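Since we're looking at a predicted model, the values are computed, not measured. Residue numbers count from 1 along this sequence.
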Amino acid sequence: MNGTPLARHMTMITLRTTLAFLLFRAVVAQAQQTVELSSFSFSDGVHPTLSYRFEGTDTRYVESFWKDELKKVSASVSSKKEVIGHGALLPQVSSDTVRIYVVAEQRRASPFLTAYVAIQTTAGFIAPNSDPTALEAARAFVMQRTNALRRQLVQQELTTAENGLDNLHRELQNLEREKERAEASIGKSNERAAEAVADQASTRAEADDLAKQVSKLKGDLLTQPDPELEKELARATKDKDNAEKRNAKAIDTQQDMTKKAEELASTVKKNLAQQATTQDAIAKQEVLVKALKDKFTEIR
């Protein structure tokens, strides 16, 4: 990839932002909205479950969340092969204590994982043919925890997206400051180049006048040797040499300042292109942030 390191960095930011946004839109389109009735093969057999599919997380995080939730309602919680809440109190589901199984499964290369929750009452596992009141209460219990987890996950995404947006704004501000500094340097370089042009004219005129004086003194000495004239010739020659050195320095300064101004003008042009790229990335990131805020608001 060609361009300056900053240009390549900004290009990568734009690509990541665009890909993240497209992935987010695809995920939202496939996101599950309600708890489903299903089944899962736990360590002690296949049980009917209430399940929900998540995106943007992993099995360890989901099971850790459920473990913490089960501790709030269970006498004890184990997590050897799956998370199990023993002696859990869910009065809305059963007047007796229940056992709650939780496991999260993610298939290889899939962006989604499914959390399976099985609730065992004295009447058996909550299933499609269970008492409708108990079934709906169990579904509400799982949905409530599911939505709490979803809010956590979306909040994490939102925080990351907002941090990314803040970083992009800082990138833009830095570019704007760099442009201002470059433009100020262009002005100073042009001023110094103009001063050098004026110095060239004055030092050239001074050197030419001294050259004439040196030539005249040399002629006078040929016809009239005089120690005082020799001293005057030496001073005039030294002054002429100094004037020519200052003239050469003025020429170098003009060339250097002109070159510097041209390079800075090129830098400003690239900076403006980078600003445009960053502004485009900001616009996409703002869309992503808004979409995540809307998604968070929609979770009840």
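D280 is not listed as a side-chain neighbour of T278, based on a closest heavy-atom distance of 4.5 Å or more. Side chains of E36 and Y52 form no contact here, defined as non-hydrogen atoms less than 4.5 Å apart. Using a 4.5 Å heavy-atom threshold, the side chains of Q155 and F296 count as touching. No side-chain heavy atom of M257 sits less than 4.5 Å from a side-chain heavy atom of N190. Counting heavy atoms from C-beta outward, E230 and D226 have side chains that stay 4.5 Å or more apart. Within the 4.5 Å cutoff, the side chain of R145 has heavy atoms near those of the F65 side chain. By the 4.5 Å heavy-atom criterion applied to side chains, R53 and L113 are not counted as neighbours. For the pair Q213/K240, no side-chain contact is recorded, criterion being any heavy-atom separation below 4.5 Å from C-beta on.
Here the closest non-hydrogen pair linking G56 and L153 is O-CD2, 4.3 Å. Minimum heavy-atom separation, A118 to H47: CB-CB, 4.2 Å. Closest approach of Y61 to L149, counting heavy atoms only: CE2-CD1, 3.6 Å. Closest of all the heavy-atom pairs between S74 and G85 is OG-CA, 3.5 Å. Minimum interatomic distance between A193 and T258 (heavy atoms only, all atoms of both residues): CB-OG1, 4.2 Å. The minimum heavy-atom distance linking L50 with I119 is given by the pair CD1-CD1, 4.4 Å.
Taken from CZ in R170 to CG in N174, the straight-line distance is 9.0 Å, to the nearest 0.5 Å. Here CD of Q152 is found 12.0 Å from CG of N147. Values are rounded to the nearest 0.5 Å. Taking CD of Q120 as the reference point, atom OG1 of T97 lies at 10.0 Å (rounded to 0.5 Å). How far CD1 of I126 is from CZ of R139: 11.0 Å, rounded to the nearest 0.5 Å. Taken to the nearest 0.5 Å, the NZ atom of K293 stands 5.0 Å off from the CD atom of E162. Residue E82 holds its CD atom at 3.5 Å from OG of S43, rounded to the nearest 0.5 Å.
Test K216, K218, Q224 against D220 for side-chain hydrogen bond (donor to acceptor under 3.5 Å, both in side chains) and you get one pass: K216. Considering T203, D199, D252, N242 in turn, T203 is the only one that fulfils the side-chain hydrogen bond (donor to acceptor under 3.5 Å, both in side chains) rule with N247. Only one option out of K71, K72, K67 pairs with E69 in a salt bridge (Lys or Arg N to Asp or Glu O under 4.0 Å); it is K72. For the ring-ring contact (aromatic ring centres under 6.0 Å, His included) criterion with F125, the lone passing option out of F40, Y116, Y101 is Y101.
Atom CZ of R151 has more than 12 heavy atoms from other residues, nucleotides or ligands within 6.0 Å. For R177, the CZ atom is densely surrounded, since the number of other residues' heavy atoms within 6.0 Å is greater than 12.
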| query | So V77 and H86, side-chain contact (heavy atoms from CB on, under 4.5 Å) or not? Walk me through it. | reply | CA-CA 6 Å; V77 177; H86 305 272; 5.9 Å; no
| task | Verify side-chain contact (heavy atoms from CB on, under 4.5 Å) between T59 and E105, making sure each step is shown before the conclusion. | result | CA-CA 6 Å; T59 57; E105 180 188 53; 5.7 Å; no
| request: Report the C-alpha separation of E206 and R246 in whole Å, then their side-chain angles, then the decisive distance to 0.1 Å, and conclude whether the salt bridge (Lys or Arg N to Asp or Glu O under 4.0 Å) test is met. | output: CA-CA 10 Å; E206 182 182 354; R246 294 199 305 275; 2.6 Å; yes
| Steps toward side-chain contact (heavy atoms from CB on, under 4.5 Å) verdict (I84, R99) | CA-CA 7 Å; I84 302 177; R99 176 174 293 182; 3.6 Å; yes
| request: Please assess D241 against K245 for the test salt bridge (Lys or Arg N to Asp or Glu O under 4.0 Å), listing each intermediate value before the final yes or no. | output: CA-CA 6 Å; D241 291 343; K245 288 178 181 178; over 6 Å; no
| request: In sequence, state the C-alpha distance, the side-chain angles, and the governing distance for K238 and E244, and then conclude on salt bridge (Lys or Arg N to Asp or Glu O under 4.0 Å). | output: CA-CA 10 Å; K238 183 179 180 181; E244 287 177 343; over 6 Å; no
| task | Could you check D294 against K290 for salt bridge (Lys or Arg N to Asp or Glu O under 4.0 Å), going step by step and ending with a plain yes or no? | result | CA-CA 6 Å; D294 291 344; K290 183 180 184 303; 3.0 Å; yes
| task | Go through the steps to decide whether I299 and V154 satisfy the test side-chain contact (heavy atoms from CB on, under 4.5 Å), and finish with yes or no. | result | CA-CA 9 Å; I299 300 174; V154 175; 3.8 Å; yes
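A donor-acceptor pair is defined here as one N or O able to donate and one able to accept, closer than 3.5 Å; such a pair exists between the side chain of E63 and the backbone of A104. Between the T146 side chain and the V142 main chain, a donor and an acceptor come within less than 3.5 Å of each other. Put simply, the side chain of Q285 gets close to the backbone of A161: a donor and an acceptor are under 3.5 Å apart. No donor-acceptor pair under 3.5 Å is formed between the side chain of S95 and the backbone N or O of P91. Side chain of S215 to backbone of A211: no donor-acceptor contact under 3.5 angstrom is found. N163 contributes a side-chain N or O that, together with a main-chain N or O of T159, makes up a donor-acceptor pair within less than 3.5 Å. Under the 3.5 Å distance criterion, the side-chain polar atoms of T121 are matched with a main-chain donor or acceptor of G124.
V102 and M143 end up in the same hydrophobic cluster when Ile, Leu, Val, Met, Phe, Trp and Tyr side chains are linked at under 4.5 Å. Under the 4.5 Å side-chain contact rule for hydrophobic residues, L264 and L175 do not share a cluster. Cluster membership for L37 and I100, using ILVMFWY side-chain heavy atoms within less than 4.5 angstrom, is shared. Cluster annotation: L135 is connected to V35 through the hydrophobic network of ILVMFWY side chains, with a link wherever side-chain heavy atoms come within less than 4.5 Å. L292 and L165 fall within a single hydrophobic cluster, where Ile, Leu, Val, Met, Phe, Trp and Tyr side chains are chained together by heavy-atom contacts under 4.5 Å.
With salt bridges taken as basic N to acidic carboxylate O contacts below 4.0 Å, one links K295 and E55.
Residues satisfying the side-chain contact (heavy atoms from CB on, under 4.5 Å) test with S41, not counting sequence neighbours, are V46. Applying the side-chain contact (heavy atoms from CB on, under 4.5 Å) test to D239 and every residue at least two apart in sequence or in another chain returns L210.
Looking at T49 and S38, their side chains do bring a donor and an acceptor atom within 3.5 Å of each other.
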